[in-house]
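This report concerns only the one structure given below.
Residue numbers start from 1 in every chain, and the chains themselves are labelled A, B, ... in the order their sequence lines are given, proteins ahead of strands. A quick note: this is a predicted structure, and the numbers were derived from the prediction, not measured. What's counted below: heavy atoms across the whole structure, side chains too, no hydrogens, waters or symmetry copies.
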There are 2 protein chains.
Amino acid sequence: MARLPLVALGTMALDSIETPFGRAENVLGGSGTYFGTAASFFSKCGLVSVVGRDFPDENLKFLARRGMDLSGVEVTDGRTFHWEGCYEHDMNAATTLRTDLNVLASFRPKIPREYRHCDFLFLANIDPAIQLEVLEEVKPKHSFCDTMNYWISARRDELTKVFEAVDGIVVNDGEARQYSGTPNLIKAGRMLAGIGGGKVIIKKGEHGALFFSGNEFFTAPGYPVADVVDPTGAGDSFAGGTIGHLAKHGIFDDEHFKKSMAVGSVVASYVVEGFSIDGIKDKGPADIQRRYDSYRRMVAFDHTL
Amino acid sequence: MARLPLVALGTMALDSIETPFGRAENVLGGSGTYFGTAASFFSKCGLVSVVGRDFPDENLKFLARRGMDLSGVEVTDGRTFHWEGCYEHDMNAATTLRTDLNVLASFRPKIPREYRHCDFLFLANIDPAIQLEVLEEVKPKHSFCDTMNYWISARRDELTKVFEAVDGIVVNDGEARQYSGTPNLIKAGRMLAGIGGGKVIIKKGEHGALFFSGNEFFTAPGYPVADVVDPTGAGDSFAGGTIGHLAKHGIFDDEHFKKSMAVGSVVASYVVEGFSIDGIKDKGPADIQRRYDSYRRMVAFDHTL
């Protein structure tokens with residue numbers, strides 16, 4: 001029974017999404033799905049989640065084919081978590097039209113034994129009480145968490161406990177501003193780095209991501225995408241690509257983090273080119289390498305003044 | 001009579017600005033002032049502008065001490081252009097409270113002979129008819145223009161003529177979206193690159209800037225500033241640092257552009273740390289070099305996958 005290199009706690013969902021480029025009904029979504037699919041380019045990834053009886057078997061089969069371990073995914077009576085949202089012309093922010101928690105409302109994670117003591121654990125956005133419970137049960141070598149605006153305002157104390165317990169915090173710019181109480185992302189990043197294990201990633205959508213660790217500061221610009229079809233899952237895919245690439249090599253130093261964030265940016269750039277996971281489901285290592293080479297060129301310049 | 005390496009057409013203003021960090025009354029401002037002060041770190045810069053009799057002599061003396069050539073600055077009867085604005089908590093967008101064009105309303109640029117056939121010309125935001133007139137009279141080797149939302153909606157045809165005539169377009173993200181009619185900055189940049197001489201810089205404030213030229217794409221992240229006091233002039237200073245550095249070396253290729261944009265980001269990062277030009281007026285080459293070294297580190301990563 002081999003320990004897994006990477007485990008993620010996150011949602012699996014059926015999403016209904018409308019963007020200026022079309023509409024998709026009940027398509028595969030959820031933070032765990034996006035994170036795991038992205039991470040699977042680089043590492044085996046166990047998933048702790050829950051779905052209802054309505055969850056299409058072909059989705060589970062697809063994720064298993066990607067190399068994900070689904071023994072931590074409970075299939076239970078009831079309907080799968082459903083999110084309905086739309087994006088306006090500028091594609092920057094989703095408007096949530098409807099959220100049906102369904103089976104997620106009574107979700108109590110069941111952790112397979114082989115998930116324990118994994119190298120890397122990612123706690124995607126979910127009730128911080130559940131994040132803490134999973135963190136304590138899994139006891140990973142390295143851990144990261146995400147969150148969302150709701151938990152920052154409604155469960156700040158529990159969330160702070162999660163922040164204090166993990167090695168790295170991965171949040172978007174709005175969440176960083178909200179938690180820290182400052183609009184300045186540099187201050188917000190430093191403040192968050194002082195709470196937990198010291199590593200912080202602030203995701204800025206199309207503008208890329210910032211990395212804080214001690215005196216280290218790194219900025220990973222977004223990969224340029226001309227035809228954004230659906231931004232849903234971009235942040236979770238960025239996290240999945242980044243942490244999946246860390247897990248592949250089992251390295252947890254700042255230099256490896258930077259490179260892995262560039263990789264995460266590449267994976268996220270594919271995700272937004274289609275609805276659901278359509279943009280990455282048929283991509284392989286050669287696609288990652290090609291866009292990574294292009295990414296390297298777009299940030300490189302001759303340094304001599 | 002030596003030809004100048006760099007000439008800028010732009011405004012000189014007395015600004016009244018309020019930010020969460022304080023208020024400044026009738027301080028030195030204007031696109032020409034910011035551009036020229038930033039460019040003067042690297043190159044002699046001639047300025048084509050106009051001020052009123054109320055314009056403090058010490059401002060002119062300061063700019064001359066910076067190495068600017070002010071023979072193109074007309075001092076005329078009337079009051080100097082005055083802009084009053086404020087920034088809210090997030091410091092991202094200025095709200096204009098009042099604009100008094102004053103002497104700018106009847107401005108007809110007078111071009112000193114030694115400004116003609118300069119190497120680099122920057123046409124800062126002003127009536128596109130004036131931009132075109134100056135461009136045709138100066139006949140520089142390389143030219144760039146900026147603009148603003150008002151001209152895009154009110155003088156689109158004249159503005160398009162300017163875009164077609166220059167070698168490079170330097171606009172912010174909102175202007176790029178407005179002119180191109182697409183919210184996607186990659187598409188907007190490519191569209192603008194197809195109109196004029198082919199080089200386009202899209203400024204994104206704290207998120208840095210994008211560069212388009214043929215098949216080249218480059219992204220220069222913003223330098224992280226924790227204590228932004230006043231963002232006024234950041235975009236013009238970025239342009240001044242970038243084009244001033246191009247002019248210093250007299251080189252106009254894409255590789256030099258990229259490096260120069262990194263330099264421009266550094267100069268702009270100093271500007272926002274104070275009101276008016278307080279953040280850069282006492283800075284020297286060692287300050288630029290220090291922050292440039294830090295900038296290089298924050299975008300560098302080990303490329304091997």
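- For residues 184-197 of chain B, the interface with chain A (any heavy-atom pair closer than 4.5 Å) comprises B/N184, B/L185, B/I186, B/K187, B/R190, sorted by residue number.
- Scanning residues 285-294 of chain A against chain B with a 4.5 Å non-hydrogen threshold yields A/Q289, A/Y292, sorted by number.
- Annotation: residues 218-233 of chain A contacts chain B through A/F218, A/T219, A/P221, A/P224, A/V225, A/A226, A/D227, A/V228 [non-hydrogen atoms, separation under 4.5 Å].
- Heavy-atom proximity under 4.5 angstrom to chain A picks out B/K204, B/E206, B/H207 from residues 203-211 of chain B.
- No side-chain heavy atom of B/K258 sits less than 4.5 Å from a side-chain heavy atom of A/D302.
- The CZ atom of A/F217 sits 5.5 Å away from the CE atom of B/M298 when rounded to the nearest 0.5 Å.
- When the candidates B/F301, B/Y295, B/F257 are compared by the number of heavy-atom contacts under 4.5 Å with chain A, B/F301 comes out ahead.
- The distance from the CG atom of A/L305 to the NZ atom of B/K248 is 7.0 Å, given to the nearest 0.5 Å.
- The part of A/H245 that comes within reach of chain B is its side chain, from C-beta onward, which places non-hydrogen atoms under 4.5 angstrom from that chain.
- Within 6.0 Å of NZ in A/K283 there are more than 12 heavy atoms belonging to other residues, nucleotides or ligands.
- Comparing A/R177, A/R296, A/E216, A/R297 by how many heavy-atom pairs each has under 4.5 Å with chain B, the most go to A/R296.
- Both the backbone and the side chain of B/T304 come within less than 4.5 Å of a heavy atom of chain A.
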